[in-house]
Asks: 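My structure is below; once you've seen it, I'll send some questions.
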Amino acid sequence: MSTLLDVGTLHYLVLSALLFLIGTIGIVVRRNMITVLMSIELVLNSVNINLIAFSFSHGDLTGQIFAIFTIAVAAGEAAVGLGILIALFRLRQTTELDQARELSG
Amino acid sequence: MPPIPLEEFLSLLPEGFLLTAGMLLLIVSSIGKGVTSRTATVVTVLSLALTAVLLVWIGVESGARPILAGMFIVDGYAFFWKLLLILATGLTAIVSCRFVEEGGYRAGEFFSLLMLAATGMLLMASGFNLLSIWISLELMALSSYILAGYFKLETRSNEAAIKYFVLGALSSGILLYGISLVYGATGTVGLEGVASALPAAAQTKPTLIAIGWLLMAIGLFFKVAAVPFHIWTPDVYVGAPTPVTAFLAVCSKAASFAILVRIFFVALPGLRVDWQIVTAAVAALTMIWGNLAALTQKNVKRMLAYSSIAHAGYVLMGVLAFSEDGLWAVLFYMLAYSLITLGTFGTVVLLERKEYAGERYEDYAGLARRAPLLAAMMLLFMLALTGIPPTGGFFGKVYLFAAAVEAGWTWVAVIGVLMSAVSLYYYLGIVVQMYFKEADDDTPAPLAAPGLVVAIGFCALATLLLGVWPEPLVEFAKSSLLPIL
């Protein structure tokens with residue numbers, strides 16, 4: 001018999017929604033590039049939780065395979081992001097995004 | 001599970017070839033002094049030409065054919081987009097040659113990234129599964145982030161890369177979250193599977209479906225730079241190296257429209273009523289804000305960025321019509337828009353220097369006297385972007401407006417017509433400078449780059465040709481439609 005304390009798909013969904021929100025807010029609000037990179041990882045990992053929870057509840061492997069692809073792409077994204085971050089640091093000796101504000105209007 | 005026949009792999013030969021060519025160029029360019037910009041351009045253009053030949057050789061058999069367990073599909077729709085993308089990438093490569101040479105960085109890297117991004121785009125056009133579509137999208141996006149920051153010692157280029165990366169990653173994340181919810185509701189990520197599971201899922205899990213498709217739509221609107229998800233566009237377009245700006249404004253937008261239409265038409269026809277309303281609102285906002293914001297710009301690249309936002313709004317009109325007429329109008333318009341925009345950015349590149357000349361309106365002063373042919377072509381592009389005959393831009397807009405009116409979206413079409421009239425003001429700003437102002441001493445003279453001039457001439461000729469004789473392209477676009485359910 002399932003009670004509120006048994007962990008089901010809904011619990012995973014709530015967790016992943018929270019992670020997604022934290023990540024999104026972090027990307028939009030935080031001004032440090034490293035924190036932004038971490039927030040991007042949070043968003044992608046919240047998706048993984050969703051995919052794996054649904055995969056489990058559907059009894060279908062597609063979601064888990066999708067999650068493996070997401071992890072691989074997240075690694076690529078982190079590599080590119082860090083590359084751009086290093087270029088920023090070499091130019092300005094900082095990782096604060098507020099320092100990069102030439103283009104606006 | 002039955003084995004996959006070899007011919008299904010062969011259907012992806014063009015993409016495989018382009019990928020290999022891009023990787024080889026990357027390897028060769030990292031040995032010793034690398035390759036010169038000219039060599040890399042020639043290699044890129046030849047590879048793209050060979051890719052096009054392979055594409056035509058494989059061809060389109062009657063009817064659509066899903067391949068590789070439904071991951072990709074070979075159909076006329078993908079064929080049209082692929083030819084468009086190959087043509088536009090080739091022209092971008094020619095436009096880039098001189099620019100990359102003057103930049104002084106490793107040229108091979110630039111062109112190999114261009115080819116890798118193009119590979120992602122071709123796969124996007126063929127994508128028939130949310131998984132393969134997303135991976136292809138990421139291949140395009142990751143290459144584009146690096147391209148935007150290619151001039152890594154210039155602060156503007158670096159800033160463009162950062163802004164593009166952060167907001168691009170956010171939009172990919174939103175799209176992916178939407179995909180995961182749709183998977184949760186339907187239990188599949190194949191486009192046709194989603195479409196057939198949708199009616200039942202909409203009954204049992206309406207919240208998942210509603211949030212899922214909306215997040216997917218937001219992610220896609222981000223990628224095509226539609227208001228209010230356009231915030232990254234102006235800064236990235238100004239800061240990125242100009243040929244990259246052209247690449248983003250044309251190829252990236254075209255490939256994103258290819259998957260947007262594919263997902264909306266094939267996977268989500270069951271939610272037609274919902275996404276039509278959202279798309280109508282987004283299209284109207286995009287046309288209004290894109291054109292109004294372009295009015296006040298002092299920088300030509302920034303003006304062109306807002307103009308490209310506005311053009312995404314026009315194209316969305318064809319999408320929301322959800323009819324055959326709307327679909328071929330989208331295909332026609334994207335091709336015309338690609339040629340016009342590449343020609344325009346090519347002209348900007350010709351005037352550009354290290355100090356970012358060619359970006360102020362005043363840099364175009366007296367161009368009609370100094371380079372009459374170039375000025376005439378720029379005049380043609382400006383008229384085409386406004387949508388004045390006899391140019392391809394005129395017919396493109398007429399078809400889009402007609403399709404929207406026919407499908408009952410008259411109010412959106414009216415906004416489009418009004419905003420096209422507004423756009424005349426800022427496009428003519430350049431024409432006034434070229435024909436009615438005198439050049440002073442620090443006005444830049446156009447570069448002597450024959451290849452680039454030929455590319456611009458090709459774009460101008462094609463724009464004119466589409467304006468007087470659009471029927472062949474219309475016929476081709478009509479033969480490249482998706483089935484409308």
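A note on names: the letters A, B, ... follow the listed sequences, proteins ahead of strands, and every chain is numbered from 1.
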Asks: Between A:Thr70 and chain B, with a heavy-atom cut-off of 4.5 Å, which part of the residue counts as in contact: side chain, backbone, both or neither?
Replies: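 Both backbone and side chain.
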Asks: Mind checking whether A:Phe20 and B:Tyr177 have parallel, tilted or perpendicular rings, split at 30° and 60°?
Replies: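 Rings of A:Phe20 and B:Tyr177: parallel, as their planes differ by under 30°.
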Asks: Answer with side chain, backbone, both or neither: which region of A:Leu37 has an atom nearer than 4.5 Å to a non-hydrogen atom of chain B?
Replies: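 Side chain only.
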Asks: Flag the one option from A:Val43, A:Val73, A:Leu51 with the top tally of heavy-atom pairs under 4.5 Å to chain B.
Replies: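 Of the options given, most contacts go to A:Val73.
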Asks: Do B:Asn291 and B:Tyr426 have side-chain atoms, one donor and one acceptor, less than 3.5 Å apart?
Replies: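 A pair is found: one side chain offers a donor N or O, the other an acceptor, under 3.5 Å apart.
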Asks: Taking the side chain as every heavy atom from C-beta outward, state whether B:Tyr105 and B:Phe151 have any pair of such atoms under 4.5 Å apart.
Replies: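 Yes, close enough: below the 4.5 Å cut-off.
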Asks: Check the surroundings of atom CZ in A:Arg31: do more than 12 heavy atoms from other residues, nucleotides or ligands lie under 6.0 Å from it?
Replies: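 Yes, CZ of A:Arg31 has more than 12 neighbouring heavy atoms, counting only those of other groups under 6.0 Å.
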Asks: Using atom types as modelled and distance alone, determine if a side-chain donor or acceptor of B:Ser126 lies under 3.5 Å from a backbone N or O of B:Leu123.
Replies: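 No, because the side chain of B:Ser126 does not come within donor-acceptor range (under 3.5 Å) of the backbone of B:Leu123.
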Asks: Of all the residues in residues 132-148 of chain B, which have a heavy atom that comes within less than 4.5 Å of a heavy atom in chain A?
Replies: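 Heavy-atom contacts from residues 132-148 of chain B to chain A are B:Trp134, B:Ile135, B:Glu138, B:Leu142, B:Tyr145, B:Ile146.
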Asks: Checking B:Asn299 against B:Tyr361: is there a side-chain donor and acceptor pair closer than 3.5 Å?
Replies: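 No, no side-chain donor-acceptor pair sits under 3.5 Å.
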Asks: If you count heavy atoms of other groups shown closer than 6.0 angstrom to CH2 of B:Trp289, is the number above 12?
Replies: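 For B:Trp289, atom CH2 is not crowded (no more than 12 foreign heavy atoms under 6.0 Å).
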Asks: Between B:Gly149, B:Gly168, B:Ala161, who has the most heavy-atom pairs with chain A when the cutoff is under 4.5 Å?
Replies: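 Among the listed options, the one with the most contacts to chain A is B:Ala161.
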Asks: Whether the B:Lys223 and B:Ser171 side chains hold a donor-acceptor pair (N or O, under 3.5 Å, no angle test) is what I'd like checked.
Replies: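 Yes.
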Asks: Do B:Phe229 and B:Ile218 touch side chain to side chain, with heavy atoms closer than 4.5 Å?
Replies: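 Yes, side chains in contact.
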Asks: Check whether any side-chain heavy atom of B:Val227 lies under 4.5 Å from a side-chain heavy atom of B:Phe221, and answer yes or no.
Replies: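 A side-chain contact under 4.5 Å is absent here.
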Asks: Will you find, in the side chains of B:Thr242 and B:Lys301, an N or O donor that is under 3.5 Å from an N or O acceptor?
Replies: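 Yes.
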Asks: Could you tell me which portion of A:Ile40 (side chain, backbone, both or neither) has an atom closer than 4.5 angstrom to a non-hydrogen atom of chain B?
Replies: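 When you check distances to chain B, only side chain atoms of A:Ile40 fall under 4.5 Å.
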Asks: Any residues in residues 201-211 of chain B near chain A, with a heavy-atom distance under 4.5 Å, and which are they?
Replies: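 Listed by number, the contacting residues are B:Lys205, B:Leu208.
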Asks: So what's closer than 4.5 Å to chain B heavy atoms on A:Ser55: side chain, backbone, both or neither?
Replies: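 It is both, since atoms from each part get that close.
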Asks: Between B:Arg360 and B:Glu362, is there a salt bridge with N-O shorter than 4.0 Å?
Replies: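 Between B:Arg360 and B:Glu362 there is a salt bridge, with a charged N closer than 4.0 Å to a carboxylate O.
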Asks: Select, from A:Gly59, A:Ala17, A:Ser46, A:Ser16, the one with the greatest count of heavy-atom pairs under 4.5 Å involving chain B.
Replies: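 Between A:Gly59, A:Ala17, A:Ser46, A:Ser16, the count favours A:Ser16.
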Asks: Under 4.5 Å heavy-atom distance to chain B, tell me which part of A:Leu44 shows up: side chain, backbone, both or neither.
Replies: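 Looking at A:Leu44, just its side chain touches chain B.
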Asks: Taking side chain as C-beta onward, heavy atoms only, is B:Trp232 less than 4.5 Å from B:Val166?
Replies: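 No, side chains not in contact.
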